[in-house]
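Following: one structure in structure tokens, then a few remarks.
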Amino acid sequence: MGCAGSSRAKADEPIKKITKPKPWKHSEPITGEQLKRMRDEFWDTAPHYGGRKEIWDALQAVAEADITLAQAIIDSAGIIVQKADLTVCYDERGAKYELPKYVLSAPTNLTRDS
């Protein structure tokens with residue numbers, strides 16, 4: 001008789017390395033200015049949904065940084081990444097932080113400002 005090892009579900013384990021978000025498409029074409037407004041509105045209101053302001057600030061810096069710097073910020077801020085594309089993260093106290101795709105990357109149907 002063999003001994004069955006305990007296996008932990010991969011979905012429950014925090015991600016160590018972050019990745020660039022997959023390409024995505026907005027429901028309708030938007031301009032760079034509209035995208036900027038959406039991002040500004042999200043970051044202005046995000047701390048009101050819970051969690052710590054310093055973690056939201058770190059996540060904003062991550063969203064605006066290149067992948068190498070973003071990884072360093074994640075590691076130093078103690079942010080636990082649940083999804084490698086950063087759409088779901090936690091702080092060390094267990095508070096959940098959900099980031100919409102539009103703060104992490106531009107949609108494939110971004111149009112030029114007119």
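Being a predicted model, the structure only gives us computed values, none of them experimental.
When all heavy atoms of Leu86 and Val62 are compared, the pair lying nearest together is CD1-CG1, 3.4 Å. When all heavy atoms are compared, the tightest approach of Val103 to Ala63 is O-CB, 3.3 Å. Across every non-hydrogen atom of Ala77 and Ala58, the tightest pair is CB-CB, 4.1 Å. Here the closest non-hydrogen pair linking Val88 and Lys96 is CG1-CE, 3.8 Å.
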Q) Taking it one step at a time, do Ile80 and Ile74 satisfy side chain to side chain contact (heavy atoms under 4.5 Å, CB included)? A) CA-CA 8 Å; Ile80 301 159; Ile74 289 288; over 6 Å; no
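Scored by the side chain to side chain donor-acceptor pair (under 3.5 Å) test, Trp24 finds Ser105 as partners (sequence neighbours excluded). Partners of Glu64 by side chain to side chain donor-acceptor pair (under 3.5 Å), not counting sequence neighbours, listed by chain and number: Gln60. For Thr87, the side chain to side chain donor-acceptor pair (under 3.5 Å) partners are Asp85, not counting sequence neighbours. Looking at residues two or more places apart in sequence or on another chain, you find a side chain to side chain contact (heavy atoms under 4.5 Å, CB included) between Arg52 and Glu54, Ile55, Asp91, Arg93, Tyr97. Looking at residues two or more places apart in sequence or on another chain, you find a side chain to side chain donor-acceptor pair (under 3.5 Å) between Gln34 and Thr31. Checked against salt bridge (charged side-chain N to carboxylate O under 4.0 Å, His left out), Asp40 has the following partners two or more places apart in sequence or in another chain: Lys36. In terms of the side chain to side chain contact (heavy atoms under 4.5 Å, CB included) criterion, residue partners of Asp66 (sequence neighbours excluded) are, by chain and number, Thr68, Leu69.
Put simply, the side chain of Glu33 reaches to within 4.5 Å of the side chain of Arg37, judged on heavy atoms. Side chains of Tyr102 and Arg39 form a contact here, defined as non-hydrogen atoms less than 4.5 Å apart. Looking at heavy atoms from C-beta onward, Leu59 lies in side-chain contact with Trp43 at the 4.5 angstrom threshold. Side-chain contact between Pro107 and Ile30 is present, with at least one heavy-atom pair separated by less than 4.5 Å.
A donor-acceptor pair under 3.5 Å links the side-chain atoms of Gln71 to the main chain of Ile18, judged by distance alone. Using modelled atom types, one side-chain atom of Trp56 and one backbone atom of Gly50 make a donor-acceptor pair closer than 3.5 Å.
Atom CD1 of residue Ile67 and atom OG1 of residue Thr19 lie 6.5 Å apart, to the nearest 0.5 angstrom.
Neither Phe42 nor Tyr49 shares a network with the other; the hydrophobic side chains, linked directly or stepwise wherever heavy atoms of I, L, V, M, F, W or Y lie under 4.5 Å apart, form separate groups for each.
Listed by first and then second residue, the salt bridge (charged side-chain N to carboxylate O under 4.0 Å, His left out) pairs involving residues 20-30 amount to none (not counting sequence neighbours).
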